[in-house]
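Notes to accompany the following structure.
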Amino acid sequence: MEKGQGETPLITIAQHILQEQRRFPGATGEFSFLLSGITLAAKQIQAKVRRAGLTDILGDQDSANVHGEVQQKLDLYSNEVLLRALSFRESVGILASEENEHPAIMPHKSPVAKYAVVFDPLDGSSNIDVNVSVGTTFSILRRPEGADFDDPARWVLQPGRRQMAAGYVVYGSSTVMVYTVGNGVHGFTLDPAVGAFVLSHENIKMPDQGKYYSVNEAYRDNFPDEYITFLNELRSGELNHPYASRYIGSMVADFHRTLLRGGVFMYPPTRDFAQGKLRLLYEANPIAMLAEQAGGSATDGRQRILDIQPEDIHQRTPLIVGSRVEMQRFAELLVPASPDTGQGMAFPP
Ligand code: P6P
């Protein structure tokens, strides 16, 4: 019997957001209206992502579109969709995107604007051509006391622990949206039959320990010693059992597996990326909030991701995120920071 026929009624993300909204005293529905802008954008993006190959080959009624939308690179298209969907919300004052050098100031400059939204519209977009899962990540911050529109960076350069909400959409075998407002982590699968995100993973808890580690092993020789020691332990079975490796090269997809199955995902510092490759504000922070809400943790190898005070909107950070057992063991392997290597990581000679 299909779920929903005579069983518990389907709960859409819109209904769920309204329930969660009750946690914010004084929120008069604008918060849920904001989140509904993200779900609307996610539906539009997934429709395009699903047709990427077809559009290239067959074109479609849009292909004659004078705006050349279907020829647009999908990440630029996704960026436009999110900017459009969110700029009509008076509660949103500032939008910062991986695709834009500077934050976008909403034209309304409403005095009642309460939120800034930071997002990566299509993370891993280079994988689309080979039909690998990609994702959208987002983070919602409250406007700091006294912050004005003449200083948009101040709205977003806040430590991740101040996020009001965070989430991602993974465009995989199905389209799943996962979000938290600080009251647990919940997943919703897009039901194409009704065009709604339907609750499919309520109150996700990351297993205490997993069986996969996820890292790009091609850079292994550049990893700081602690990471190499840790990976050797996982491989050897010293941490209760031997691990297998899974790495998709799309952070959202690699984290989604880690969230559901446990284990650890990491992008360590390397010689090319001494500060790591992933972006703090719109990749590491939302992932870190979700991981902690689900019982896991996330650090930059030294400190809690959510405690990092950002200095630049697009700054990078090393990221290691995962289950309690693995993260605890990694912390035990850390050597005291040394002044000459910045991050405190001793690079192999
Ligand atoms: P590498 C995608 O380009 C991305 O930003 C993340 O989604 C992914 O985890 C990482 O880069 C992959 O980087 O160097 O392993 O190809």
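Throughout, residue positions are numbered sequentially from 1 according to the sequence presented. Owing to the predicted nature of the structure, the values given are computational and were not obtained by experimental measurement. All ligand and atom numbering here is 1-based and tracks the order in the structure.
Residues Gln21 and Ser32 have side chains that bring a donor and an acceptor to within less than 3.5 angstrom of each other. Between the side chains of Arg246 and Thr258, no donor N or O sits under 3.5 Å from an acceptor N or O.
Against a heavy-atom cut-off of under 4.0 Å, Gly124 is close to the following atoms of ligand 1: 2 (C). Counting atoms of ligand 1 from 1 in the listed order, those under 4.0 Å from a heavy atom of Asn216 are 1 (P), 15 (O).
Given atom 7 (O) of ligand 1, the protein heavy atom at minimum distance is Asp123 OD2, 2.6 Å. Nearest non-hydrogen protein atom to atom 12 (C) of ligand 1 is Tyr247 OH, 3.3 Å.
Around atom 11 (O) of ligand 1, the closest heavy atom drawn from Met266, Glu98, Lys277, Glu217 belongs to Lys277.
Two rings, from Tyr179 and His16, have their centers less than 6.0 Å apart. Residues Phe149 and Trp155 bring their aromatic ring centres within 6.0 Å.
Between Met251 and ligand 1, a contact under 3.5 Å exists for at least one N or O pair.
Note that the CZ atom of Phe230 and the CZ atom of Arg235 stand 11.5 Å from one another [nearest 0.5 Å].
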